[in-house]
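Proteins come first, then strands; the chains are lettered A, B, ... in the order of their sequence lines, and each starts at number 1. We use all heavy atoms of the structure for the numbers below, so side chains are in, but hydrogens, waters and symmetry mates are not.
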Amino acid sequence: MTEQTDHSRRNFLYVAAGGLGAVAGGAAAIPFLGSMLPAADTLAAATTEFDVSTVVEGQLVVIVWQGKPVFITNRSDEMLTRLDGHDDNLKDVNSEAIEAVQAEWMDTPEKRKTRSINPRYLVVVASCTHLGCIPLYKPSAGRAEWGDSVPSDWVGGWHCPCHGSFYDLSARVINGSPAPHNLHVMPYKFISDSVVLIG
Amino acid sequence: MLESMMKTKLFAWVDRRTGAEAIIKSQLTEYPAPKNLNWMWVFGAIAMTVLVLQIVTGIFLAMYYKPSAMETLGGFSVAFDSVERIMRDVNFGWLLRYTHAVGASMFFLVVYIHMGRGMYYGSYKEPRELIWIMGVVILLIMQGAAFFGYLLPWGQMSFWGATVITNLFGAIPVLGDLIGQLLMGGFSVGDPTLNRFFSLHYLFPLLLVAIVAGHIHALHTVHSNNPDGIDLDQSDPNNVVMFHPYVTMKDAFAVSLFMMLYMYIVFFNPQMGGYFIEVDNYVPANNLQTPAHIAPVWYLTPWYTILRSFEVKLVGIAAMGASLAILFVFPFLDRSKVRSARYRPMYRGMVILFFIDVIVLGYCGHTATTETLKVVGQIATFYYFAFFIGLLFLPKIEKTKPLPEGV
């Protein structure tokens, strides 16, 4: 029986059947892996509205948007002046490194500095760009309030407790931090003088 | 392809540490299979395919399913809502769920054909009694898994089906109450029941895999039966072909045909007119209202008819238990030396009638009971047992035909 086997014909059939099987197997993997992606209701998670006038000057509020924490701060004029003068010490002064740290409305050098639509109110994703912890808010300058947890030339901002990343009051990452990028900004707009719609 | 793979250095490395080559040779490339196996011999491979699919789809469904009877704001329950979420919001969730739900019916269909083949060709007879007995254990575990799984969507049929079956065990004298409470975790089917059924529904398929392994191991020890039911010299190339590639290719072809049918049902008719997924199960469970007509899914209806055929509750339960238990002793009831029904004219008639009988039992169990159907069910129940008892006397009166020398 085996003497009469046409091997080239048989090998062709092996490759054809095996190839078709591999394609079918690959196609069958799509629904299984696809099912593990976020479901439609998760993707449709609602936008979040927030009235920023409830945040008093100097205060930080953490709200939840799509299950993620979001920082909203009300920066005083004095705090805004502290955004200047340490440009040399920032990894990405103008938030240009990646898509996630900039927005279309950042169309002037001023807005690139404050990273906000209304200069007072900074709205950013509260996840350290290193490994996702929520940084601690340490707004006052110097070590008076924070001891040696912050550098001696501390300008005020955020300190991530996990691996020691530092951000200034515009959530721009300071040199020497393990975090690669500024805190991300998410789409938002003012739908009235004081209410923001996030998402 | 397999041969060239086995010549690689990597394979040699693995082989030295596992004896893989010896296993592949003894189980695949040099494992002999009778040359005359017909298409009825492909259902074991198909059943294994369905088992794997059930496990894989089940694992992915469990990523979204939530076993809780807690009420939700919508007025349903967490479990019911999570199933509906799988159907509507989860990517391909409908496909996974329908594949799983239809898979249950397909699994039983295939296994019933597989068992019918074993009965017809005498595959349960010496020396394959243990293979048959392990197969019956597999059937019982499948029934358990199907029963546990059916509660999970927490619909009306889920709830009342589980209520009926747990009460069934509750009717066992003395221990009934205890068993009922062990199953339900309370005094009626409720949240604790749902949680433990989910746990057991996940456990049982793992048991199945282990027992299927034993089933196949025993088969490979005594080798396959064949349509003539005769003993074959396994080393004679006139009798046998090698399992790989001859039988593997045949099985693969059968599996792909089967998958076409299976997927056709999944895509175009997953409810199968209420036979595969009962319509009432889209109504959320309500412990204050029983549906108008309640029947088990088709694959359990033959036993349900046996249960209903007796007017004394306990006798009905005992008869249903006996109808399953008798399968264990089936190999020992039939003492005929001839295996295949091809050479046993009387057995052939009896076993074909038995297949029809089981279908009649199934029909009676699925339909709302009437006077006529009740009598039909009782006659069918009588024959179900008469078939097995008759086997005890059959060898004395049956004239078997001469067996062929070889294949």
More than 12 heavy atoms of other groups within 6.0 Å of M263(B) CE:
yes
Polar side-chain atom of [X] near backbone of [Y] as donor-acceptor pair, under 3.5 Å:
| X | Y | answer |
| --- | --- | --- |
| N89(A) | I174(A) | no |
| K91(A) | S177(A) | yes |
| Q54(B) | H100(B) | yes |
| R120(A) | N74(A) | no |

Atom group of P237(B) that falls short of 4.5 Å from chain A, counting heavy atoms
neither
If the contact rule is any heavy atom under 4.5 Å from chain A, which residues of residues 55-63 of chain B qualify, in numerical order?
V56(B), T57(B), F60(B), M63(B)
F80(B) ring center within less than 6.0 Å of W154(B) ring center
no
